[in-house]
Each structure stands twice: as C-alpha cells, then as structure tokens.
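Have a look at the structure below, then the notes.
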Amino acid sequence: MPELPEVETTRRGLAPAVVGRKIAAAVVRNRALRLPVPRHLPHTIAGETVSALGRRGKYLLFSCHAGTLIVHLGMSGRLWLVERGTPPEPHDHFDLVMESGATVRLRDPRRFGLVLWTRGDPLRHALLAAMGPEPFDQSFDAAWLYRMTRSRRAPIKQVLMDGHVVAGVGNIYANEALFRAGINPRQAANRISRARYQILVEQVRATLQHAIGAGGSSLRDYVGSDGMAGSFQNQFLVYDRGGIPCQRCSTPIAAIRQGQRSTFYCPRCQR
DNA sequence: AATCTTTCCTGCCGGC
DNA sequence: TGCCGGCAGGAAAGAT
C-alpha cells in the first residue's frame, strides 16, 4: 500500500522505539529484494545508534553515525514493531533488533522493497539524488509544476506520479488530489494553466495531510507500525469508487486505465 | 485470470 | 549521425 502517508505514518510510529537507541543486531532472512540486501549489513550496523528516523518520498532513512539504513516498502511491504523473539512468519525478510528488545520487522510478500546501507549523505545516493521536491517543501509550488510540464504532453495524472516531478505521490493520492483540484486526469500536462497548478499544489498537500492524519490507507492487509490499520480508505472520494455517485454532484465516478494503472475521476467535476 | 499499492529499465520516436 | 527528452510497455513476485 505504501505511498507517502503510509510511510510517514510508519516513520512516526517507529521513531520512539529507535531514535536515540542502539542497534543490537540485524537479521537478514532473505536477501532477494528488488536489490540484494548487502551481505555486510549485519556486521556494519550492529552497535550503531540511530540518531534520527527520516523520510524522503517513500524512502525511510535510519541515520546512524557510520551511515544510513535506507528502507523502501515497495508494493506490499510493511514495517512494524514486534517483541524480541517473535517467531517470523513467511515473507518476514528482515529484522532490526534494538538493544531494548524492540524489533523492527519487515514483511514484504512481493519483495519489491529495499533494504540498503549508504555512507555519507543519503540524499546523494543514486536512488534519492534525482527525486523531485517533497510535497510539503516550499520548492514544490505552481511555478515548479508549470516549468516541469512545458514539454510534457502526457496526461497530468501520469506526470503527477512521476517521482522526478514530486516525491511520494502514488496512484491513490494522485487520483484523490486531482479530484479535489477539479482537474481531469487525462488532461495533457502542458495544457494546464499556472492558476490550476496552484490549486493542484494546494490539493496535493491537503490530500496527503488528511491521509497522514488518518494514519494512512489500509488496503488488503496494510497496518501501521503499531499493528493498527489506517482509516483513510474510508474517506476516498474517487479511488476504487467506479460507478458510485460522485459525492459532490452525483455523477457516476468513471474508471479508466492510464499507463496500466487504474484511474478514477468524476467526468463532471473534473475538466 | 486479472488485478494491485512501486519503480527501474528498454525500445522507440521526434527534434536539433 | 548522434544525442537528448519524452513516453509506452514490460519486468520483478505473491495474494486474492
């Protein structure tokens, strides 16, 4: 499930158990994620203290003195706290065991997630260096969106999901933000005005903020760091609501495919 | 059987 | 001719 709100919810939930705490051990049960988990990781990270738990887009950053542990949840990843010694279930590929006994566990059935280690500035890591601005950073504004889209004829929804344009906006929240902004997801990005991009910036932020406030969205079996499900899925305005009347105008929500992803929108409210 | 929350890579195209 | 950006499609793997 994880888009930015789910990753941020996870970050906030894990922080009290890891920030300022010493790592006793890392346990790698399966290295075969999207990229291999480094063989040296358990040796490298044991004894390190986590100085901060950050987030860049959908990446979690466990800052330590010697480097940074980078974790991405992919499509099906979940990171939560268990007690030391809790028996692993299938797809529990990685544990970070704190000296306190609290254990951060990664479960990722599809294995599109990542567990990496980097020295130096993690934001210069190849996976992070080219990312677009954070949605809540002031550098993400209408002028930026306007400039980034001058040569883009692709539909705005696909451009909004491009991590080089803005970090962390995936399929669910692109659908929701475009509805709130009143913009048709099929509109060519280079044919949208500065004024409408201003509205889109505001609605991307508002959508993500509301989702974070609700603890993220729980589809299928996603749960937060405390094992509790998020509730934002109950507040979707268009996502997964094809054929259901629009809450604003009662027109049935349309369901289409864009770039092999599901898109939902109101044909009347979104032009 | 088709679908899903992510992201990277390839191949192709048009423009210069 | 080569280089570039843009864009569509495919790939990774498992559950439902």
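The sequence lines fix the lettering, A, B, ..., with proteins before strands; numbering per chain opens at 1. Keep in mind that the numbers below use all heavy atoms, side chains included, and drop hydrogens, waters and symmetry copies. Note that the structure is a prediction, hence the values are computed from the model and not measured.
Applying the ring-ring contact (aromatic ring centres under 6.0 Å, His included) test to residues at least two apart or on different chains, the pairs with a partner in residues 44-75 of chain A are A:Y59-A:H72. Residue pairs that meet the ring-ring contact (aromatic ring centres under 6.0 Å, His included) test with at least one member in residues 231-258 of chain A, sequence neighbours left out, are A:Y173-A:F232, A:F232-A:F236, A:F236-A:Y239, A:Y239-A:F264. For the ring-ring contact (aromatic ring centres under 6.0 Å, His included) condition, no pair includes a residue of residues 147-167 of chain A, sequence neighbours left out. Residue pairs meeting the salt bridge (Lys or Arg N to Asp or Glu O under 4.0 Å) criterion with at least one member in residues 172-199 of chain A: none, sequence neighbours excluded. Residue pairs meeting the ring-ring contact (aromatic ring centres under 6.0 Å, His included) criterion with at least one member in residues 129-160 of chain A, sequence neighbours excluded, do not occur.
The 5' end of DNA chain C is approached more closely, in terms of each residue's nearest nucleotide, by A:M148 than by the other of A:G259 and A:M148. A residue-by-residue look at A:Y239 and A:L127 shows that A:Y239 has its nearest nucleotide of DNA chain B further toward the 5' end.
With A:P185 as the partner, the side chain to side chain contact (heavy atoms under 4.5 Å, CB included) test is satisfied by one option alone out of A:L160, A:V238, A:L178, A:N175: A:L178.
The number of heavy-atom neighbours closer than 6.0 Å to NE2 of A:H210, taken from other residues, nucleotides and ligands shown, is 12 or below.
Considering only the side chain of A:R257, B:dT3 comes nearest among B:dT3, C:dA12, B:dT7. When distances are taken from the side chain of A:A154 to each of B:dT7, C:dG5, C:dC7, the shortest belongs to C:dC7. Taking the side chain of A:Q260 as heavy atoms from C-beta on, and the options C:dG5, B:dT7, C:dG9, the nearest nucleotide is C:dG9. Residue A:S151 places its side chain closer to C:dG5 than to any other of B:dT3, C:dG5, B:dT6. Looking at the side chain of A:R34, the nearest of the listed nucleotides B:dT6, B:dC8, C:dA8 is B:dC8. Picking from B:dT6, C:dG5, C:dG14 the nucleotide with the shortest atom distance to the side chain of A:H91 gives C:dG14.
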Under 3.5 Å, N/O pairs linking protein and nucleotides 9-16 of chain B:
none

Could you write out DNA chain C as a dot-bracket string, with dots for unpaired bases, | for bases paired across to another strand, and Watson-Crick or G-U pairs counted at under 3.5 Å?
.|||||||||||.|||

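The side chain to side chain donor-acceptor pair (under 3.5 Å) test applied to A:R152 returns A:D162, not counting sequence neighbours. With sequence neighbours left out, the side chain to side chain contact (heavy atoms under 4.5 Å, CB included) criterion links A:V37 to A:V28, A:R31, A:L33, A:L41, A:V115.
At the heavy-atom level, A:R261 lies under 4.0 Å from base atoms of the strands shown.
Contact check, A:H72 against B:dT7: a side-chain N or O comes under 4.0 Å of OP1 or OP2.
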